[in-house]
Enquirer: 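A single structure is presented below for examination.
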Amino acid sequence: MTTQRKLLPRSFYQRSPEMVAHHLLGKVLTHHYRGEELSGRVIEVEAYLGLTDPASHAFIGKTARNAVLFGPPGIAYVYFIYGMHYCLNVSCLPDGEPGGVLFRALFPLKGLSTMARLRGLAENAKPKQLTGGPGRLCEAMGISREAQNGIDVTRHHSALQIFDDGYEVKTITATPRIGISKAAERPLRFLLTSP
DNA sequence: GTGAGGATCGTCT
DNA sequence: GACGATCCTCACA
């Protein structure tokens with residue numbers, strides 16, 4: 001089971017957000033936080049298509065906030081929402097074409113006690129309480145806009161990276177996206193049914 | 001167990 | 001000046 005883990009290359013992200021979202025399930029998100037490794041398996045994501053998707057931040061055109069989505073693929077896009085939460089995305093498609101994938105939930109693997117502390121929870125907190133939700137997983141992983149927006153997740157020395165550890169994905173379920181008001185009916189949310 | 005409402009601020013009009 | 005790719009708490013059943 002413990003095969004060598006491989007850092008996902010930029011070409012992995014240079015595809016449509018739907019494809020990238022689909023293939024990101026089961027991969028491992030890792031953040032080097034103050035000398036400690038925090039990591040979790042990706043179990044829920046959503047695709048945001050760009051100029052053709054009214055729910056996407058990129059739909060309105062390029063602005064200071066969403067510039068990362070219009071840049072090269074494989075870059076972390078972190079934004080602040082509702083005055084209290086951060087959400088983590090990774091950019092997709094070639095340079096110049098906007099698109100991204102939102103990380104909605106992880107299954108925590110390493111650094112559980114640090115995650116619990118960052119979330120303000122007890123050591124024995126359930127995975128869902130720790131990293132089940134876009135805002136929660138950012139808090140648990142120590143991710144903020146100032147520090148992580150614009151980071152290249154395909155570089156070997158990046159604080160934020162995504163690996164393939166050989167985990168075999170069994171069943172993927174597609175459902176409508178959560179918490180949006182426009183184009184809410186499109187099935188662009190993907191999740192693993194058995195982590 | 002389920003549902004309503006509040007917190008709180010960066011970003012765009 | 002309005003609103004949002006959310007989360008938490010507190011009623012009520």
Side-chain angles (χ1 to χ4, degrees), chain A residues 13 16-25 27 29 31 38 40 42-71 73-93 97-108 115-151 153 160 162 172-192:
Chain A
Y13 304 97
S16 75
E18 284 170 280
M19 273 236 243
V20 176
H22 201 271
H23 288 282
L24 272 176
L25 287 175
K27 301 298 188 287
L29 178 68
H31 185 209
L38 305 178
V42 181
I43 57 174
E44 185 180 338
V45 293
E46 281 178 6
Y48 285 87
L49 307 185
L51 299 175
T52 60
D53 181 3
S56 169
H57 285 177
F59 183 69
I60 57 173
K62 189 172 179 176
T63 67
R65 173 171 68 151
N66 66 23
V68 168
L69 292 175
F70 287 77
I75 308 295
Y77 169 52
V78 182
Y79 65 89
F80 192 56
I81 191 70
Y82 295 121
M84 25 184 23
H85 299 292
Y86 292 104
C87 293
L88 171 67
N89 296 241
V90 61
S91 63
C92 303
L93 295 169
E97 294 180 52
V101 172
L102 166 71
F103 292 87
R104 287 197 59 87
L106 303 176
F107 184 82
M115 289 187 190
R117 185 162 45 76
L118 286 169
R119 291 270 299 115
L121 299 172
E123 290 263 336
N124 59 357
K126 294 202 174 97
K128 194 171 178 183
Q129 299 295 313
L130 276 182
T131 52
R136 289 172 181 166
L137 79 85
C138 282
E139 196 176 351
M141 298 285 283
I143 290 169
S144 68
R145 179 181 153 90
E146 302 77 50
Q148 274 74 36
N149 191 45
I151 283 190
V153 303
L160 202 58
I162 305 174
I172 292 178
T173 308
T175 78
R177 291 174 293 186
I178 304 290
I180 56 174
S181 49
K182 306 160 205 160
E185 72 290 346
R186 299 196 198 180
L188 293 172
R189 170 175 177 245
F190 303 96
L191 18 71
L192 290 184

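Computed from a predicted model, the values in this text were never measured in an experiment. So you know, we letter chains A, B, ... as the sequences are listed, proteins then strands, and number each from 1.
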Enquirer: Assuming nearest nucleotide by heavy-atom distance, tell me which of A/Gln129 and A/Leu102 is located more 5' along DNA chain C.
Expert: A/Leu102
Enquirer: Nucleotide range of DNA chain C contacted by chain A, 5' to 3', under 4.0 Å to a heavy atom?
Expert: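 Counting from the 5' end, contacts occupy C/dG4 to C/dC8.
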Enquirer: What are the bounds, 5' to 3', of the part of DNA chain B that sits under 4.0 Å from heavy atoms of chain A?
Expert: B/dA7 to B/dC12
Enquirer: Does A/Ile180 reach a base, just sugar-phosphate, or nothing at all? Heavy atoms under 4.0 Å.
Expert: sugar-phosphate
Enquirer: For A/Arg145 and A/Met84, find the nucleotide of DNA chain B closest to each by heavy atoms; which residue's nucleotide sits nearer the 5' end?
Expert: A/Met84
Enquirer: Please list all pairs passing the salt bridge (charged side-chain N to carboxylate O under 4.0 Å, His left out) test where one or both residues lie in residues 42-51 of chain A, with sequence neighbours left out.
Expert: A/Glu44-A/Arg104, A/Glu44-A/Arg189, A/Glu46-A/Arg104
Enquirer: Expected output is a numbered-order residue list: members of residues 51-70 of chain A with a heavy atom under 4.0 Å from any atom of DNA chain C. What is it?
Expert: A/Ala55, A/His57
Enquirer: With heavy atoms under 4.0 Å as the rule, sort A/Arg189 into base, sugar-phosphate or nothing.
Expert: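 Result for A/Arg189 = nothing.
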Enquirer: Checking A/Arg119 side chain against A/Met115 main chain: does a donor-acceptor pair fall under 3.5 Å?
Expert: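 Side chain of A/Arg119 to backbone of A/Met115, a donor-acceptor pair under 3.5 Å: no, none is there.
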Enquirer: Step by step, would you call A/Phe107 with A/Leu192 a side chain to side chain contact (heavy atoms under 4.5 Å, CB included)?
Expert: CA-CA 10 Å; A/Phe107 184 82; A/Leu192 290 184; over 6 Å; no
Enquirer: Is there any side-chain hydrogen bond (donor to acceptor under 3.5 Å, both in side chains) pair reaching into residues 82-92 of chain A, and which pairs are they, with sequence neighbours excluded?
Expert: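 Found A/Tyr86-A/Glu146.
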Enquirer: Could you walk me through whether A/Phe103 and A/Ile143 pass the side chain to side chain contact (heavy atoms under 4.5 Å, CB included) test, one step at a time?
Expert: CA-CA 12 Å; A/Phe103 292 87; A/Ile143 290 169; over 6 Å; no
Enquirer: Using Watson-Crick pairs (N1 to N3, plus N6-O4 or O6-N4) and G-U wobble pairs, both distances under 3.5 Å, which stems of at least 3 pairs involve DNA chain C?
Expert: B:1-7 with C:6-12, B:9-12 with C:1-4
Enquirer: What contact category does A/Arg177 fall into here, base, sugar-phosphate, or nothing, at under 4.0 angstrom with non-hydrogen atoms?
Expert: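 Result for A/Arg177 = nothing.
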Enquirer: If you look at every strand shown and take non-hydrogen atoms under 4.0 Å, does A/Phe80 touch a base, only sugar-phosphate, or nothing?
Expert: sugar-phosphate
Enquirer: With nearest nucleotides of DNA chain C determined for A/Gly133 and A/Gly83 from heavy-atom distances, which residue corresponds to the more 5′ nucleotide?
Expert: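 Upstream on the strand: A/Gly83.
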